[in-house]
2 protein chains.
Amino acid sequence: MPVRTPNKRPLTLRDVSEASGVSEMTVSRVLRNKGDVSEATRKRVQDAAKQLGYVPNKIAGALASQRVNLVAVIIPSLGNMVFPEVLSGVSEVLANTDLQPVVGVTDYLPEKEEKVLFEMLSWRPSGVIIAGLEHSDASRAMLRQAGCPVVEIMDVDGEPVDACVGISHRRAGRKMAESILQNGYRRIGFLGTKMPLDHRARKRFEGFTQTLAKSGIEITDQEFYSGGSALAKGRELTQKMLERTPDLDFLYYSNDMIGAGGLLYLLEKGYDVPGQIGIAGFNGVELLDGLPRKLASMDACRREIGQRAAQILADRVANPDTDEGLVVELTPKLQPGETLNRT
Amino acid sequence: MPVRTPNKRPLTLRDVSEASGVSEMTVSRVLRNKGDVSEATRKRVQDAAKQLGYVPNKIAGALASQRVNLVAVIIPSLGNMVFPEVLSGVSEVLANTDLQPVVGVTDYLPEKEEKVLFEMLSWRPSGVIIAGLEHSDASRAMLRQAGCPVVEIMDVDGEPVDACVGISHRRAGRKMAESILQNGYRRIGFLGTKMPLDHRARKRFEGFTQTLAKSGIEITDQEFYSGGSALAKGRELTQKMLERTPDLDFLYYSNDMIGAGGLLYLLEKGYDVPGQIGIAGFNGVELLDGLPRKLASMDACRREIGQRAAQILADRVANPDTDEGLVVELTPKLQPGETLNRT
DNA sequence: TTGAAAGCGCTAACAT
DNA sequence: ATGTTAGCGCTTTCAA
């Protein structure tokens with residue numbers, strides 16, 4: 001049990017050294033399981049450390065050893081279901097190493113990304129995992145100079161600074177468009193976030209409209225919103241669009257949450273889904289299994305992206321000679337659910 | 001623009017000093033906006049730093065100054081909507097200071113909490129915000145010895161180590177029970193997480209059953225699950241319970257997500273909600289506004305908890321003489337929604 | 001198996 | 001307004 005003296009000064013190695021009558025150096029060795037130490041002294045040191053409630057000072061350790069077991073993970077948001085799942089993939093893999101993820105949130109703002117990145121790099125992390133391929137010039141410069149492996153995640157449509165794990169959102173948009181057309185839908189509405197800042201949503205949209213165009217079809221109507229995704233937003237957008245354009249036969253939502261809101265609205269208003277009108281979202285959010293109809297969606301491989309990125313980083317840290325610039329493209333799976341098959 | 005030489009060695013103050021022809025000390029002053037520096041040298045230094053792409057080494061800075069602008073925020077999970085909202089309250093307030101939140105996740109496991117806490121304290125943060133009042137002996141010892149302000153959040157039913165911001169979950173449970181009884185419901189089922197690890201859910205349950213007991217009523221049926229909250233889980237639990245105990249007239253869910261799943265199930269099966277059967281959840285998750293009926297719930301003041309905790313910490317860091325042990329109890333608001341009023 | 005010395009890159013406290 | 005000196009608490013390296 002740690003001593004309860006309200007010590008304002010945190011304990012140092014020296015305190016443990018004095019308490020155990022062993023040199024600081026040997027104490028350090030014991031605490032890091034490094035080097036040969038006799039069982040006897042090891043035990044004395046461990047007892048003393050525990051008894052005092054010693055917590056090593058990683059700042060000093062990191063400065064001396066020039067190594068920091070931190071991995072910077074930089075993502076746009078924690079408020080939707082997508083990035084927490086990526087994170088959990090990252091943590092899962094890093095748990096098998098001595099690396100620790102540290103999360104920074106950018107709110108989809110390039111300036112904030114720059115700030116967060118600068119802040120995190122100033123702690124000299126062992127690696128960086130960062131969402132997206134679009135960054136300010138300054139951010140890209142920092143990433144290049146970081147002196148540690150960098151893995152850009154979520155997206156592969158672009159030029160990575162170093163390594164990269166993700167899906168092609170353009171391809172995802174195309175695939176969804178194909179599927180919708182195959183099922184005979186023709187008057188298609190798109191509902192999603194304002195996209196200047198969400199590049200992945202933008203790319204899906206581009207892929208989507210491109211494929212439609214190949215079949216001579218244009219988006220019949222579209223509606224953009226800003227702010228978080230929520231059921232109510234989906235209802236509201238859907239109502240607005242259908243009042244304006246009642247003869248749509250498909251609604252493509254840029255994420256599952258507003259898709260779910262739309263679904264609830266449509267069912268409530270007595271629409272036949274997917275007969276009269278089909279719908280689909282994006283992300284394959286498991287949380288929403290359990291809706292009255294299973295929402296068509298596309299799994300964005302979020303957890304796997306986190307896992308692979310972490311693995312790449314861990315490998316590179318363990319073996320710095322590994323090649324840079326590895327790009328891993330995962331394949332999003334279409335989940336037809338029950339809202340896309342017109343049969 | 002930073003030079004693109006693939007420098008493996010990160011730049012140091014000295015590099016900037018040499019590039020600008022100014023002493024390291026003055027460079028340091030410029031980069032921290034500290035002390036008087038002439039406009040001329042300030043500019044030269046800034047130019048040199050930007051030109052080189054210098055990123056200061058916070059490890060060295062922290063060691064030298066004995067100050068770290070990090071706040072450890074330790075929470076059980078990112079997967080439900082509750083903690084991200086707390087975090088966003090924290091970030092919002094800390095954004096006005098030079099403090100930076102660093103998040104650690106415990107998965108509701110005391111051993112993991114201990115590990116995460118140890119890890120974070122070893123970086124000597126300026127403060128700790130940690131969810132809950134229940135910690136292992138070792139964790140409490142670390143918190144006491146941390147040498148920085150500690151704010152325990154979410155809950156006030158217990159003995160804080162230092163400061164504390166939250167709601168009384170026992171009181172919340174009681175309040176919900178009162179409301180349910182007032183609305184004439186009598187045969188009540190409880191559905192929630194297995195609670196040995198979720199102390200707040202446990203306390204709500206305790207408060208809930210206590211108040212029922214005062215009216216001579218016992219929970220008619222109960223069902224516990226483990227794993228994340230999701231719509232499907234709510235459906236499944238609800239079905240199971242109603243098959244076993246068909247004559248329930250109220251279902252109290254330990255969180256909004258499974259409550260929402262239950263609601264969808266009940267409506268689908270043609271139950272009259274809230275006439276035949278009332279339901280309520282917990283948390284007041286905004287994300288779910290937009291369900292077919294507005295779910296009765298109780299706002300847990302998540303964002304405000306984050307804000308207040310961060311504010312307390314910021315004040316204590318700015319003025320270390322401030323009193324310790326401040327306890328702030330917020331009042332959860334009942335949101336009757338449309339699933340609790342029998343009329 | 002253990003210890004002593006040097007220094008990691010910065011900043012506090014003094015000079016000047 | 002600028003420079004000098006002495007550490008911060010550890011780990012690396014070398015010696016015993």
Side-chain angles (χ1 to χ4, degrees), chain A residues 7-46 48-49 52-70 98 119 121-126 147, chain B residues 7-46 48-49 52-70 98 119 121-126 147:
Chain A
N7 255 344
K8 268 313 171 191
R9 176 182 69 76
L11 300 162
T12 68
L13 256 192
R14 175 174 211 129
D15 295 307
V16 181
S17 164
E18 285 170 0
S20 63
V22 176
S23 78
E24 283 187 43
M25 197 50 239
T26 301
V27 171
S28 167
R29 281 195 269 254
V30 171
L31 267 25
R32 287 176 300 144
N33 290 319
K34 211 91 187 253
D36 294 323
V37 182
S38 73
E39 232 359 277
T41 41
R42 156 165 278 114
K43 178 147 182 21
R44 285 175 62 199
V45 169
Q46 279 168 339
L52 293 170
Y54 172 70
V55 177
N57 186 331
K58 288 224 181 201
I59 298 171
L63 184 61
S65 66
Q66 304 281 64
R67 284 179 301 97
V68 177
N69 70 336
L70 263 25
D98 63 348
E119 200 69 24
L121 288 182
S122 71
W123 289 99
R124 302 288 187 265
S126 287
Chain B
N7 253 343
K8 270 312 173 192
R9 174 181 71 76
L11 299 162
T12 69
L13 257 192
R14 177 174 210 127
D15 295 308
V16 182
S17 165
E18 284 171 1
S20 63
V22 176
S23 79
E24 285 187 43
M25 197 51 235
T26 301
V27 171
S28 167
R29 279 195 271 253
V30 171
L31 267 25
R32 286 178 298 146
N33 290 319
K34 210 92 186 252
D36 295 322
V37 181
S38 75
E39 233 357 279
T41 40
R42 154 166 280 112
K43 179 148 182 21
R44 285 176 60 200
V45 169
Q46 279 169 339
L52 292 171
Y54 172 68
V55 177
N57 185 331
K58 288 225 180 200
I59 298 171
L63 184 61
S65 67
Q66 305 280 63
R67 283 177 307 95
V68 177
N69 69 338
L70 264 24
D98 63 346
E119 202 68 25
L121 287 181
S122 70
W123 288 100
R124 301 289 188 263
S126 286

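Here is the naming used below: chain letters follow the sequence lines, and residue numbers restart at 1 for every chain.
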Identify the two heavy atoms, one from P10(B) and one from D15(B), that lie closest to each other, and give their separation to 0.1 Å.
O-OD2, 4.5 Å
Looking at residues 24-46 of chain A, who's got a heavy atom less than 4.0 Å off DNA chain C?
M25(A), T26(A), R29(A), D36(A), V37(A), S38(A), T41(A)
I'd like to check the side-chain hydrogen bond (donor to acceptor under 3.5 Å, both in side chains) partners of T41(B); sequence neighbours left out, ordered by chain and number.
S38(B)
Of all heavy-atom pairs between Y54(B) and L31(B), which one has the smallest distance, and what is that distance?
CE2-CD2, 3.4 Å
Side-chain N or O of Y54(B) versus OP1/OP2 of dG9(C): is the shortest distance under 4.0 Å?
no
Report the distance from atom CG of L13(A) to atom P of dA4(C), rounded to the nearest whole Å.
14 Å
Just jot down the side-chain hydrogen bond (donor to acceptor under 3.5 Å, both in side chains) partners of T26(B), sequence neighbours excluded, or say none.
S23(B)
Check side-chain hydrogen bond (donor to acceptor under 3.5 Å, both in side chains) between S17(B) and all other residues, then give those that pass, not counting sequence neighbours.
none
Quick note, salt bridge (charged side-chain N to carboxylate O under 4.0 Å, His left out) partners involving residues 22-42 of chain A, not counting sequence neighbours, are none
Going by number, which of residues 55-64 of chain A have a non-hydrogen atom under 4.0 Å from DNA chain D?
N57(A), A60(A), G61(A), A64(A)
Rounded off to whole Å, could you give me the CZ-to-P distance for the R67(B) and dG9(C) pair?
21 Å
Side chain to side chain contact (heavy atoms under 4.5 Å, CB included) partners of E18(B), counting only residues at least two apart:
R14(B)
If the helix axis at each end comes from five base pairs, how far does the helix from dT1(C)-dA16(D) to dT16(C)-dA1(D) deviate from straight, to 10°?
30°
Supply the atom-to-atom distance N69(A) CG to S122(B) OG, rounded to the nearest 0.5 angstrom.
8.0 Å
For DNA chain D, which nucleotides open and close the run of contacts to chain B, 5' to 3', at under 4.0 angstrom from a non-hydrogen atom?
dA1(D) to dG9(D)
Set out, in order, the CA-CA distance, both residues' side-chain angles and the distance that settles side chain to side chain contact (heavy atoms under 4.5 Å, CB included) for L11(A) and V16(A), then state yes or no.
CA-CA 8 Å; L11(A) 300 162; V16(A) 181; 5.8 Å; no
In a table with atom names and distances, give each donor-acceptor pair under 3.5 Å that connects a side chain of residues 55-68 of chain A to protein atoms at least two apart or in another chain.
| from | atom 1 | to | atom 2 | distance (Å) |
| --- | --- | --- | --- | --- |
| N57(A) | OD1 | I59(A) | N | 2.8 |
| N57(A) | OD1 | A60(A) | N | 3.2 |
| K58(A) | NZ | E119(B) | OE2 | 2.5 |
| S65(A) | OG | G61(A) | O | 2.8 |
| S65(A) | OG | R67(A) | N | 3.3 |

Holding to side-chain hydrogen bond (donor to acceptor under 3.5 Å, both in side chains), I want the full list of residues that pass it with S126(B), two or more places apart in sequence or in another chain.
none
